Protein chains: 2
Amino acid sequence: MTNLERIWKDQLYQEFARIGKCLSSPKRLELIDLLAQGPKSVDQLSKITGMSVANVSQHLQTLHESRLVRFNKKGNYVIYEIAERSVADFMVSLHRLSEKQLVEVQRLKTEILQHHASMEPIALEELMVLMEKGEVLLLDVRPEDEYIMGHIPGAISIPIEQLEKHLATLPVNKEIVAYCRGPYCLMSARAVEILKSIGIKASRIEEGVHEWKRYVEHSNISPKEIL
Amino acid sequence: MTNLERIWKDQLYQEFARIGKCLSSPKRLELIDLLAQGPKSVDQLSKITGMSVANVSQHLQTLHESRLVRFNKKGNYVIYEIAERSVADFMVSLHRLSEKQLVEVQRLKTEILQHHASMEPIALEELMVLMEKGEVLLLDVRPEDEYIMGHIPGAISIPIEQLEKHLATLPVNKEIVAYCRGPYCLMSARAVEILKSIGIKASRIEEGVHEWKRYVEHSNISPKEIL
DNA sequence: CAACTATTCAATTGTTTTATTGAATATTTC
DNA sequence: GAAATATTCAATAAAACAATTGAATAGTTG
């Protein structure tokens, strides 16, 4: 290899590693995951994650330097969002790889399921069948703005905090399946607990919007429009 | 969010970040890319990359802790390889994301093309058409063991160092298309230079085996067996 | 325009990471 | 079994990073 080639390769891999650096901090990964669900301000992110505002801001700047996120200023707020859909897709890949390779991730996932008794999720495939038959109501329990940004077709939106208030409006004859931000979000599990406690037949899927997109794109099922 | 939930999430993201940490060092990324082409010993990797043996060994151990690579001992050598095909796929994703988001990567790619005059690659799609017609000979210029590990169907193997010796055996009536490890490997460019210098019509694709696999899987073209 | 809010900046701390060196281990070959 | 080879280990020094704090900025509301 020529010397020039070596320098070129070093520069190139230096760049790839910039993306890698963004992924090397747990806090930053959590921020990307949250932004993948929809745009959020710095202090929203600070409140959700429990990090200090300054700390969040700093992490967001790191992410911005690698062009994984972008922002708009809206009045007093700075609203960050992921730079591209492909960033969210990439995060799904990272999670899948982590689950495949790291036993510890698998262990943590089953551990939390034991705390939420009988919260075993149903398969996405199974949900599809049930929805075809119209036997099931799909419930998106994320905050409403995330639902508006994109959701699984056919789902209705009841954010988890409002679920108890809206219990009366739910059909009694249908089974309910809840979903939230994805496999590492527990809002859908909490929803199932609430629903089951008042005698409604309920379950959850562990997939979120991005995992669902990946699923339909890989299984060649007609990729319906996202409403 | 409950306190327990916060702890759980922190542990989970800590784990994801372990994979991220592996990707945060340029040298480690280069090692993964090389291993994605086929198993290699520590000192092979040391020689290819120009790093010290101890340094390579240390990086490989980091990769092993995150289960991205595995190894077998063969006599005096320790042969490392990627732990799963999905690791190679993930690297393709990372490269694609980097190229999309980082202008600097795009700049570096065009920069090197100016050094190798008229090395503009042809599209994979174009190659497929040409191969259907039988108008083209596809040449894999990587080391032979990497070819044996997996190659694009229909390709023949002539490692770049042996190309000049084997020039006589090449058909004169066919155009030749060369490929190597992927978009950041310059062996195929060197091959085209050699071929053109003696008047053979030649070009290259920038894709390697993994990029090719991704291509056929996403375009639903019959995914022929890899020979 | 003064008080307030959201965000960023700058400086500091303690921690991790990287590359390097030389020694230690394990396997093979003669 | 001694010499040679491939790899790992351990210790070090330099560099990069993460979280924290308090001050600075910029936009908003009364």
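A quick note: this is a predicted structure, and the numbers were derived from the prediction, not measured. For the numbers below, each heavy atom of this structure counts, side chains included, while hydrogens, waters and symmetry mates do not.
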Task: Proximal nucleotide (of D:dT8, D:dA6, C:dT7) relative to the B:D43 side chain - done: D:dA6

Open item on the list: What contact category does B:S41 fall into here, base, sugar-phosphate, or nothing, at under 4.0 angstrom with non-hydrogen atoms?
Closed with: sugar-phosphate

- [ ] For A:Q61 and A:S57, test the side chains for any donor-to-acceptor distance below 3.5 angstrom and give the result as yes or no.
- [x] yes

TODO: Select from B:V42 and A:G75 the residue whose nearest nucleotide in DNA chain D is closer to the 5' end of that strand.
DONE: B:V42

Task: B:N55 side chain near C:dA19 phosphate (N/O to OP1/OP2, under 4.0 Å) - done: yes

Open item on the list: Nearest to the B:K27 side chain among C:dA19, C:dT8, C:dA6, which nucleotide is it?
Closed with: C:dA19

Open item on the list: For D:dA18 and A:R28 - does any side-chain N or O of the residue sit under 4.0 Å from the phosphate oxygens OP1/OP2?
Closed with: yes

Open item on the list: Just the rounded figure in Å: distance from C1' of C:dT7 to NZ of A:K40.
Closed with: 18 Å

- [ ] Identify whether any heavy atom of B:V53 sits under 4.0 Å from a base atom; if not, whether one sits that close to sugar-phosphate; answer base, sugar-phosphate or nothing.
- [x] base

TODO: Would you please confirm or rule out a distance under 4.0 Å between OP1 or OP2 of D:dA6 and any side-chain N or O of B:Y80?
DONE: no

Task: SB check A:R18 B:E104 (cutoff 4.0 Å) - done: no

Open item on the list: Any side-chain N or O of B:H59 below 4.0 angstrom from OP1/OP2 of C:dT17?
Closed with: no

Open item on the list: Please pick, from C:dT27, C:dT8, D:dT8, the nucleotide with the shortest atom-to-atom distance to any side-chain atom of A:V78.
Closed with: C:dT8

Task: Presence of donor-acceptor pair under 3.5 Å, side chain of B:N76 and base of D:dT5 - done: yes

TODO: Consider the side chain of A:S57, meaning its heavy atoms from C-beta on, and name the nucleotide among D:dT8, C:dT7, D:dT21 that approaches it most closely.
DONE: C:dT7

Open item on the list: If the cut-off is 4.0 Å, is B:Q61 near the phosphate of D:dC9, judged by side-chain N/O to OP1 or OP2?
Closed with: yes

Task: Closest nucleotide among D:dA18, D:dG27, C:dT18 to the A:S25 side chain - done: D:dA18

